[in-house]
Amino acid sequence: MTKAGLIRLALIAALLGMLEVMVRIGRIDPLTMQAPHKMVIDLYSMLASGKLNKAIAKTMGNAAIAFMIAVSMGVISGLLIHRLRRLRETLDPLFATYYAIPVFAFYPLLILLLGLGDAPQIFIGVMLGFVAVVVNTLNGLDRVPRVLLKTARVNGMNPFETALKITLPSAAPYILTGAKFAVAYSLIGVIGAEFIMSTGGMGYEISFAYNNFDNATMYPLIILILTASITINMLISRWEKSLLKRRGLQ
Amino acid sequence: MSGSGRRLIENMGWLTLAILVIWQGLYVVIGDIALRSPMATLKFTASFVTTAQFVTHLTETGKAFLMALTIAVVSGLAIGFWLGIKRFASDVFEPFLIAVYSVPKITLYPILLLIFGLGLSAKVAFGAIHGIVPIALFTLNAVRNVKPVLLKTARVMGLSTTATIQQVIFPSALPEIFAGLRIGFSLTLIGTLLGEMFASQRGLGFLLMNAIGLHNVDVIVMLTFLLTGFAGIAGIALLLINRRITAQI
């Protein structure tokens with residue numbers, strides 16, 4: 001471990017320790033924040049009792065579906081848009097300002113269109129993640145070395161083969177950057193939608209626990225979501241770095 | 001105006017047209033249960049924006065957004081500059097920033113509500129944490145990527161740290177810093193609105209949630225239209241400024 005990494009760990013430990021002390025001596029009201037050790041115990045008993053397994057499975061499942069749709073559709077759209085110059089130019093302002101659009105404002109509309117089931121939540125997750133994947137795929141395709149494309153032509157590969165064997169693998173690190181965003185956005189979309197209006201899932205359970213002062217349920221759920229998203233993100237980052245390193249780019 | 005700027009606006013026009021066509025098409029398919037036509041929305045918007053109710057909520061959202069944006073810009077720039085100049089500090093703290101950036105921040109909102117209580121400050125805090133991180137990360141990278149020769153020149157000329165930041169680092173890092181501000185602007189707006197949609201009694205986000213509860217399609221479509229329109233126009237304006245700054249360097 002590097003020196004910076006050690007200091008980081010020490011900082012986290014110090015912060016948790018401080019929080020623990022502050023709650024114990026009563027500087028922080030336990031109704032506001034629980035002691036860290038209590039959160040861990042609550043998390044364990046919550047997972048062991050299995051009473052929230054359904055909500056966890058629902059949210060994680062929906063986020064996974066949204067993620068897969070966003071990545072697959074995003075990569076395919078990226079490949080298509082890359083070939084159509086005029087379309088790409090027209091869509092450029094949309095891509096550049098897309099994240100200024102409050103997608104959650106469309107949620108009521110989606111509920112009316114798709115019903116109050118899982119579909120509108122998945123749709124929001126896809127809406128958020130899709131564009132990040134498209135933009136990063138385009139970025140990666142722009143950087144495919146010309147010589148590789150020439151090789152594909154010389155070998156008489158058809159467009160489908162070229163995409164599968166040349167352009168996509170070459171653009172993979174950039175597509176992974178997009179995938180990283182898609183992980184975060186599909187979770188944000190699904191959980192945010194559950195927060196605002198839904199009858200199940202982790203977002204709903206958190207908001208329900210919040211409304212009932214049930215910190216013993218709220219904090220473990222929050223920790224679970226944060227841990228899951230940070231872990232997945234770090235794994236993809238590592239994969240991305242190893243790809244770049246193999247090419248001597250980093 | 002530069003050629004690329006004109007093309008951007010032209011493309012924007014085509015895009016708006018396409019969206020209007022899709023909108024009208026959707027309306028034809030779905031009908032009045034869930035949607036209003038673009039024409040009806042415009043008419044309703046024109047009559048609604050002058051009501052006292054709307055103005056009150058707009059003022060509330062505007063106030064929260066401006067406060068959140070100010071906090072996000074000032075602290076984001078401060079953190080970004082500090083970490084950008086101090087290499088070791090950035091090694092320690094950058095992973096924290098990236099982790100916060102990638103986390104679904106909506107899960108943190110109940111904690112903010114418990115700390116700040118219901119009302120303006122929780123909303124402002126929630127909007128601000130959305131904005132701080134991208135601004136800090138972009139500034140950090142911009143400052144770190146300033147050409148070493150420029151910094152060397154500043155040292156040779158005997159510039160103080162403040163003067164180096166003011167006259168060398170800031171101008172040369174400006175395009176990328178501005179890109180961060182652009183994203184920070186969008187995310188702060190989204191954060192503020194989300195904060196209002198969950199546990200709030202005032203503001204446009206609350207108005208939207210209220211309309212959902214009452215199934216008031218007129219208000220839902222109008223607010224979606226207004227918010228998207230505002231975000232889109234502001235986003236394009238910032239993008240144009242950003243391109244101009246980049247072109248100058």
Checking B:F178 now: which residues fulfil ring pair (Phe, Tyr, Trp, His ring centres under 6.0 Å) with it, not counting sequence neighbours?
none
With respect to chain B, which residue among A:L94, A:L187, A:I111, A:L91 yields the maximal number of heavy-atom pairs within a distance under 4.5 Å?
A:L94
Any heavy-atom pair between the side chains of A:L19 and A:L15 that's under 4.5 Å?
no
Leading residue by heavy atom contact count with chain A [cutoff under 4.5 Å; candidates B:I183, B:I30, B:L189]
B:I30
Okay, B:M12 and chain A: the region with an atom under 4.5 Å from a heavy atom over there is both
With a 4.5 Å cut-off on heavy-atom pairs, point out which of A:I222, A:V190, A:L221 contacts chain B the most.
A:I222
Roughly how far, to the nearest 0.5 Å, is the CD1 atom of B:I98 from the CE atom of A:M234?
11.0 Å
Check this for me: B:M39, atom CE, are more than 12 non-hydrogen atoms of other residues, nucleotides or ligands nearer than 6.0 Å?
no
Go through the structure and list residues passing side chain to side chain contact (heavy atoms under 4.5 Å, CB included) with A:L84, not counting sequence neighbours.
A:L87
Is it the case that the ring center of B:F185 lies less than 6.0 angstrom away from the ring center of B:F65?
yes
Could you check if a side-chain atom of B:L181 sits within less than 4.5 angstrom of a side-chain atom of B:F138, using non-hydrogen atoms only?
no
In terms of heavy-atom proximity below 4.5 Å to chain A, should B:L108 be classed as side chain, backbone, both, or neither?
side chain
Check the angle between the aromatic planes of B:F54 and B:F48 and answer parallel, tilted or perpendicular using the 30° and 60° thresholds.
perpendicular
Under a 4.5 Å heavy-atom cut-off, does chain A meet the side chain of B:V100, its backbone, both or neither?
neither
Please tell me if the side chains of A:I206 and A:I225 come closer than 4.5 Å, counting only heavy atoms from C-beta onward.
yes
When you scan chain B against chain A, which donor-acceptor pairs turn up at less than 3.5 Å?
from, atom 1, to, atom 2, distance (Å)
B:N11, ND2, A:E89, O, 3.0
B:D91, O, A:R8, NH1, 2.8
B:V92, O, A:R8, NH1, 3.3
B:R182, NH1, A:A96, O, 3.3
B:T224, OG1, A:A105, O, 3.3

Using a 4.5 angstrom heavy-atom cutoff, name the option from B:L223, B:I111, B:L227 with the most pairs to chain A.
B:I111
Tell me which of these, B:L26, B:L208, B:L194, has more heavy-atom pairs under 4.5 Å with chain A than the rest.
B:L194
Heavy-atom pairs under 4.5 Å with chain A, option from B:L35, B:L193, B:L187, B:I190 with the top count
B:I190
So do B:I129 and B:F126 actually touch side chain to side chain, heavy atoms under 4.5 Å?
yes
Please look at A:I28 and chain B and tell me whether the side chain, the backbone, both or neither of the residue comes under 4.5 angstrom of a heavy atom of that chain.
neither
Can you run down the ring-ring contact (aromatic ring centres under 6.0 Å, His included) pairs that involve residues 113-134 of chain A, sequence neighbours left out, and say none if there aren't any?
none
Non-hydrogen atoms of chain A under 4.5 Å away: do they reach the side chain of B:I115, the backbone, both or neither?
both
